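Because the structure is a prediction, the values reported are computed rather than measured.
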Amino acid sequence: MLLKFDYNNMMSDFIGEQGIKQEELDAMKGKAADAVAKFNANRGQGWLGWTELPYNQDEVVADILNYANEMKKKIEYFVVLGIGGSALGPAAVFTALCHYRHNDLPKDKQKIKFLVEDNVDPERMLALLDVIEPEKTLFNVITKSGATSETMSQYLIISDLLKKKIGAKWNEHIVATTSSARGNLIKLAKENNFKTFYIPESVGGRFSELCPVGLLPAAIMGIDIKAMLKGAEEMDKACTGVENNSALMCAVLQYIAMNKGKNISVMMPYADSLKYIADWYCQLWGESLGKAVDNDGKVIHAGQTPVKSLGVTDQHSQVQLYTEGPFDKVITLIGVKKFRGDVTIPQGAEQFPDVNFLCGHTMGELINTERVATEYALTRSKHMNNTILLDEVNANTLGQLLMFFQLETAYEGYLLNIDAFNQPGVEEGKNATYALFNRKGYEAKKEELENAPKKNAKYII
Ligand code: PA5
């Protein structure tokens, strides 16, 4: 079963003048058809290699499964070293599909602990070293460019540690996921004989979860990666035409919403397992659409600020703002019809009618009822909202969800006439870091930084 997308509450029929009129939606037909035509013409090429990942990875998947099966017998810790698109997907899929407290389970219930290091906070690195045993750990260094300072510094720390602790066979504790053609990691991999998986050149970081970037960590954790790819394929096939294309519809609605000043996109899953899907979405949506110029060089400063939120937790933190604050947001709720386990709230509060009404219901019923109640409150207060509904969280539906958001993002890029696949703003920050650390080749950037207007610190004590 494919996930369902309900957009009633985006429309003026349900939220009055804050909503989208049917005529406005109809007027987008030409533009939407154009976006579909451009998308289909570019599939599999340029930066759209991710569209083919459900179809062209049989050999890669076989290699991943063989390697994962072999390594699963040897290791007790799997650590991802990476950042951005090289870390958010693996973390999101692990959280969605493994036991919610996987790393805390006793050893007879979990064989491999899973950790993602996506920062360069020294305390975090020290904490990692406190909880792992390097001789029982496989480190997956993931960086397409092979140049990212955060990932390469983590690699240098870990490889130094492994050499000291393990000696000659230290290289068997590192698996590299990187470009086959460029960057430092591929050179290091060849020099040190690391097992290596490749990120296709036509797949950008934030669109890479369904290639070895995400598939290897998932396979190590026993996740059915073929089912994930099948889900992605099903969603792709359902979202290629102009009609009945929910990813396109979602992109069109967001496009109209942006034109109406809804510059914030809140992603609010009602399932803890999907919490980090919201993080992954935030990078995908923010980095892809936040662009200064369009494809014709016109300055447009496009984008919609993505915000992650968790139902029901953030009902007690953010929903007051979402229902009574400015009309500057679209709130997307993600619901799960059937949880993989449920807990009944027991009887025993007969003397307290204000609590007793809960008794006999399940927590699954409660969380879903609260989602419906929030949807009602948002709609009643005339704030744009829509709902994505999954039957259940499993490898297939997760593959569908990932592909749905990737397709929506690509369509949105075409509607906005921007390059959704570059990230010049991120590169600027990366280059400034290289210059400040005196990296060779960045002398001009260093000079630019040194000549930037000096500021006096404005601190209030
Ligand atoms: O989407 C992107 O391309 C970026 O966010 C990258 O994923 C991120 O900067 C990490 O890059 P790399 O994989 O080259 O280390």
Side-chain angles (χ1 to χ4, degrees), residues 53 57-82 86-118 128-129 131-143 154-155 158-159 161-162 165-178 185 189 192-199 208-232 273 276 340 393-396 398-399 402:
L53 294 174
Q57 292 194 101
D58 287 355
E59 273 179 36
V60 176
V61 167
D63 191 12
I64 286 175
L65 290 174
N66 281 338
Y67 177 72
N69 287 338
E70 184 196 321
M71 293 315 291
K72 274 153 75 174
K73 293 179 207 139
K74 298 183 182 166
I75 60 168
E76 290 185 19
Y77 307 87
F78 182 82
V79 180
V80 170
L81 306 179
S86 296
L88 289 162
V93 168
F94 163 72
T95 312
L97 298 178
C98 290
H99 188 287
Y100 188 70
R101 304 216 185 269
H102 175 90
N103 286 351
D104 299 327
L105 285 169
K107 273 208 165 154
D108 59 328
K109 296 210 170 105
Q110 107 0 69
K111 297 275 174 266
I112 302 170
K113 289 189 199 292
F114 184 88
L115 300 121
V116 177
E117 291 301 291
D118 62 351
L128 173 78
L129 301 181
V131 299
I132 60 163
E133 299 163 89
E135 60 284 4
K136 297 178 185 165
T137 305
L138 179 63
F139 296 91
N140 187 190
V141 192
I142 311 180
T143 166
Q154 291 171 350
Y155 163 78
I158 294 300
S159 56
L161 177 87
L162 288 172
K165 289 240 171 201
I166 290 166
K169 291 195 169 173
W170 70 278
N171 59 342
E172 292 176 9
H173 292 259
I174 293 193
V175 52
T177 307
T178 189
L185 188 56
N192 295 299
N193 204 17
F194 298 150
K195 172 69 183 168
T196 305
F197 291 94
Y198 298 117
I199 306 174
S208 68
E209 176 52 24
L210 295 168
C211 82
V213 167
L215 297 181
L216 175 63
I220 292 274
M221 299 315 291
I223 290 165
D224 184 348
I225 59 173
K226 288 186 181 170
M228 252 170 78
L229 288 168
K230 188 77 193 145
S273 62
Y276 293 107
R340 288 164 286 188
V393 178
N394 58 41
N396 178 281
L398 201 70
L402 296 171

Within the distance-only criterion (no hydrogens, no angle test), does the side chain of Asn140 pair as donor or acceptor with the backbone N or O of Val80 below 3.5 angstrom? no

Side chain to side chain donor-acceptor pair (under 3.5 Å) partners of Lys136, counting only residues at least two apart: Glu133

Mind checking ring-ring contact (aromatic ring centres under 6.0 Å, His included) for Tyr276 and listing every partner two or more places apart, or none if nothing turns up? none

Which class fits the ring pair Phe194 and Tyr155: parallel under 30°, tilted 30 to 60°, perpendicular over 60°? perpendicular

Determine the minimum heavy-atom distance between Ala87 and Gly82, stating which atoms define it. CB-O, 3.6 Å

side-chain contact (heavy atoms from CB on, under 4.5 Å) with Thr137: which residues, sequence neighbours excluded? Tyr77, Val79, Ile132, Phe139

What heavy-atom pair brings Val60 and Pro212 nearest, and what distance separates the two atoms? CG1-CG, 3.6 Å

Listed by chain and number, what are the side chain to side chain donor-acceptor pair (under 3.5 Å) partners of Asn192, not counting sequence neighbours? none

Has the side chain of Asp63 got a donor or acceptor atom that lies under 3.5 Å from a matching backbone atom of Glu59? no

Taking C-beta and beyond as the side chain, do Phe94 and Pro217 meet within less than 4.5 Å on heavy atoms? no

First locate atom CD1 of Ile64, then atom CG of Asn69, and finally report the distance between them rounded to the nearest 0.5 Å. 11.5 Å

So which atom in Leu97 and which in Met228 form the shortest heavy-atom distance, rounded to 0.1 Å? CD1-SD, 4.4 Å

Which atoms form the tightest heavy-atom contact between Leu210 and Leu215, and what is the distance? O-CD1, 3.3 Å

Is it true that, when you exclude Glu70 itself, more than 12 heavy atoms of the residues, nucleotides or ligands shown sit nearer than 6.0 Å to its CD? yes

Out of curiosity, Leu138 CG to Lys195 NZ, how far, rounded to the nearest 0.5 Å? 11.5 Å

Among Asp224, Val61, Asp58, which one satisfies side chain to side chain contact (heavy atoms under 4.5 Å, CB included) with Leu229? Val61

From CA spacing to verdict: side-chain contact (heavy atoms from CB on, under 4.5 Å), Leu53, Glu209: CA-CA 10 Å; Leu53 294 174; Glu209 176 52 24; over 6 Å; no

Verdict with supporting geometry, Leu402 and Val93, side-chain contact (heavy atoms from CB on, under 4.5 Å): CA-CA 10 Å; Leu402 296 171; Val93 168; 4.2 Å; yes

What closest approach, in Å, do Lys72 and Gly222 show between heavy atoms, and which atom pair accounts for it? NZ-CA, 4.0 Å

What is the minimum heavy-atom distance between Val393 and Ala96, and which atoms define it? CG1-O, 3.6 Å

NZ of Lys226: more than 12 outside heavy atoms within 6.0 angstrom? no

Test: side chain to side chain donor-acceptor pair (under 3.5 Å). Region: residues 102-118. Which pairs qualify, not counting sequence neighbours? Glu76-Lys107, Asp118-Arg124

If you round to the nearest 0.5 Å, how far is NZ of Lys74 from NE2 of His173? 9.0 Å

For Thr178, give me all partners under side chain to side chain donor-acceptor pair (under 3.5 Å), at least two apart in sequence or on another chain. none

Straight-line distance of Lys165 NZ to Ile158 CD1, nearest 0.5 Å: 11.0 Å

Kindly compute the distance separating OG1 (Thr143) from CD1 (Ile199), expressed to the nearest 0.5 Å. 7.0 Å

One should read off an interatomic distance between Ser159 OG and Ile166 CD1, to the nearest 0.5 angstrom, of 11.5 Å

